Amino acid sequence: MNFKVGDKVEALDDTIIGVVASIDGTKITMHSDDGFLLHYEVSEIIKSGTEDISVSNFEIAKIKSEKEIPKKRNKPVSKTKDRNAPKMEVDLHIHHLINSQRGMSNYDILNIQLDTAKRQLDFAISKRIQKVVFIHGVGEGVLKEELRYLFGRYDNVKSYDADYQKYGLGATEVYIYQNS
């Protein structure tokens, strides 16, 4: 832009208005309205009041989109019940394990249930499943106590009563520590 001594100018990056006092190549000395002499490059000032500044709607929309805060996208939030739900359930009721229990003693039934529990627990450990619920029912508590004894033989296993609302008193939940 061509400047002459006496032109009214404004600084681009500040709110300073003044008059060109001298020009030395690409350096311009401005006498500000406040009475100071300020030095600027030619690219840092513009003539004021003489040019028509027009802005298109496209430029306004572009600036608005740059300044606009992006909206947060809604992620599906998992409910706490779903997040804490066990990954694996093992029902140890005898009618789920075998077709017919005719002619079997309580000792035989208990051994089948314990073998199934041990096999499923070993499977969960090998597949790195952290939580397993063993559904044993209420009954007289013999199977529950045998399960507690079985789980106590594992160093990386912690057992406790499962969610009462979902299973009542007839289930034991096992947490498997994977880094042992």
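Values in this document were obtained by computation on a predicted structure and should not be read as measured data.
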Between G18 and D33, which heavy-atom pair has the shortest distance, and what is it?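 Reported closest heavy-atom pair: CA-OD1, 4.0 Å.
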Residue pair Q113 / I94: nearest heavy atoms and the distance that separates them: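 Taking every non-hydrogen atom into account, NE2-N, 3.7 Å.
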Check whether any side-chain heavy atom of [X] lies under 4.5 Å from a side-chain heavy atom of [Y], and answer yes or no.
| X | Y | value |
| --- | --- | --- |
| L143 | L114 | yes |
| V9 | I28 | no |
| Y164 | L169 | yes |

Output, in order, the C-alpha distance, side-chain angles, deciding distance and verdict of side-chain contact (heavy atoms from CB on, under 4.5 Å) for V42 and I23. CA-CA 9 Å; V42 173; I23 301 173; over 6 Å; no
With E140, which residues qualify under salt bridge (Lys or Arg N to Asp or Glu O under 4.0 Å), at least two apart?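 None.
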Indicate yes or no: does [X] engage [Y] in a salt bridge with an N to O separation below 4.0 Å.
| X | Y | result |
| --- | --- | --- |
| R119 | D115 | no |
| D161 | R148 | yes |
| K166 | E89 | yes |

Derivation of the side-chain contact (heavy atoms from CB on, under 4.5 Å) call for M88 and Q120: CA-CA 9 Å; M88 182 173 159; Q120 293 297 328; 3.0 Å; yes
Please name all residues satisfying side chain to side chain contact (heavy atoms under 4.5 Å, CB included) with K4, sequence neighbours left out, ordered by chain then number.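 Result, side chain to side chain contact (heavy atoms under 4.5 Å, CB included) vs K4: D7.
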List for me each residue that meets side chain to side chain contact (heavy atoms under 4.5 Å, CB included) alongside S22, sequence neighbours excluded, and say none if there are none.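 Per chain and number, S22 pairs via side chain to side chain contact (heavy atoms under 4.5 Å, CB included) with T29.
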Stepwise side-chain contact (heavy atoms from CB on, under 4.5 Å) check, Q101 with I112: CA-CA 11 Å; Q101 61 201 36; I112 290 173; over 6 Å; no
Membership question, hydrophobic clusters at under 4.5 Å side-chain separation (ILVMFWY): are V5 and M30 in the same one?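 Hydrophobic grouping puts M30 apart from V5.
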L147 with V157, same ILVMFWY side-chain cluster at under 4.5 Å: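 Same cluster.
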Exam field: side chain Q178 to backbone I129, donor-acceptor pair closer than 3.5 Å: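 Yes.
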Please list, chain by chain and in numerical order, all residues satisfying ring pair (Phe, Tyr, Trp, His ring centres under 6.0 Å) with Y175, sequence neighbours excluded.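 Ring pair (Phe, Tyr, Trp, His ring centres under 6.0 Å) check on Y175 returns Y177.
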Sequence-distant partners of H96, ring pair (Phe, Tyr, Trp, His ring centres under 6.0 Å), two or more places apart: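 If we apply the ring pair (Phe, Tyr, Trp, His ring centres under 6.0 Å) test to H96, skipping adjacent residues, there are no hits.
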I need the full list of ring pair (Phe, Tyr, Trp, His ring centres under 6.0 Å) pairs touching residues 118-151, with sequence neighbours left out, sorted by first then second residue.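 As it turns out, the ring pair (Phe, Tyr, Trp, His ring centres under 6.0 Å) pairs with a partner in residues 118-151, which skip direct neighbours, are F134-F151.
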With a cut-off of 6.0 Å (strictly less than), are more than 12 heavy atoms of other residues, nucleotides or ligands near CZ of F36?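 No, because the 6.0 Å sphere around CZ of F36 holds 12 heavy atoms or fewer from other groups.
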Take V174 and Y154 through the side-chain contact (heavy atoms from CB on, under 4.5 Å) test and state the conclusion after the steps. CA-CA 11 Å; V174 172; Y154 289 84; over 6 Å; no
